[in-house]
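Notes follow once the structure below has been shown.
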Amino acid sequence: MDVFLKILLVIFSLGLIAVVLLQKGKSAGLSGAITGGAEHLFGKQKARGLDLFLQRLTIGFAIGFFVLSLVVAYVVKN
């Protein structure tokens with residue numbers, strides 16, 4: 001059981017890394033924010049299509065990673 005949970009935790013962590021790296025950058029960097037890109041950064045934009053899917057998948061992987069980390073820590077301690 002302990003080994004299975006650790007393998008699952010590694011899979012979730014690699015999935016989270018991959019999904020975060022697949023996403024587009026949300027800002028143009030510091031120079032874009034200074035020169036007027038702040039409107040673009042804080043503007044109301046809704047993600048659609050692949051961006052929305054990747055955003056929701058990131059949230060799912062993050063929650064799963066957090067919960068699995070707590071479970072693995074509890075199982076290893078006991």
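Side chains included, hydrogens not; waters and symmetry mates left out as well; all remaining heavy atoms used. Starting from 1, each residue takes its place in the sequence as its number.
Counting only residues at least two apart or on different chains, the side-chain hydrogen bond (donor to acceptor under 3.5 Å, both in side chains) pairs with a member in residues 65-76 are Tyr74-Asn78. Pairs of residues two or more places apart, or lying in two chains, never qualify as side-chain hydrogen bond (donor to acceptor under 3.5 Å, both in side chains) while including a residue from residues 5-21. Annotation: side-chain hydrogen bond (donor to acceptor under 3.5 Å, both in side chains) contacts involving residues 56-65, sequence neighbours excluded, comprise Gln23-Thr58.
For Ile11, the side chain to side chain contact (heavy atoms under 4.5 Å, CB included) partners two or more places apart in sequence, or in a different chain, are Ile7. For Ile63, the side chain to side chain contact (heavy atoms under 4.5 Å, CB included) criterion is met by Ile59, Val67, not counting sequence neighbours. Under the rule for a ring pair (Phe, Tyr, Trp, His ring centres under 6.0 Å), the partners of Phe12 that lie at least two apart in sequence or sit in another chain are Phe61. In this structure Phe66 satisfies the side chain to side chain contact (heavy atoms under 4.5 Å, CB included) test together with Leu70, sequence neighbours excluded.
Taken to the nearest 0.5 Å, the CG atom of Leu14 stands 9.5 Å off from the CG atom of Leu9.
If you chain together hydrophobic residues whose side chains sit under 4.5 Å apart, Leu8 and Val71 fall into the same group. Both Phe4 and Val75 are members of a single hydrophobic cluster when ILVMFWY side chains are connected at heavy-atom separations under 4.5 Å. Tracing side-chain contacts under 4.5 Å through hydrophobic residues (I, L, V, M, F, W, Y), one never reaches Leu52 starting from Val19; they form parts of separate clusters. Residues Phe65 and Val10 are members of separate hydrophobic clusters, defined by side-chain heavy-atom contacts under 4.5 angstrom among Ile, Leu, Val, Met, Phe, Trp and Tyr. Leu21 and Leu54 end up in different hydrophobic clusters when Ile, Leu, Val, Met, Phe, Trp and Tyr side chains are linked at under 4.5 Å.
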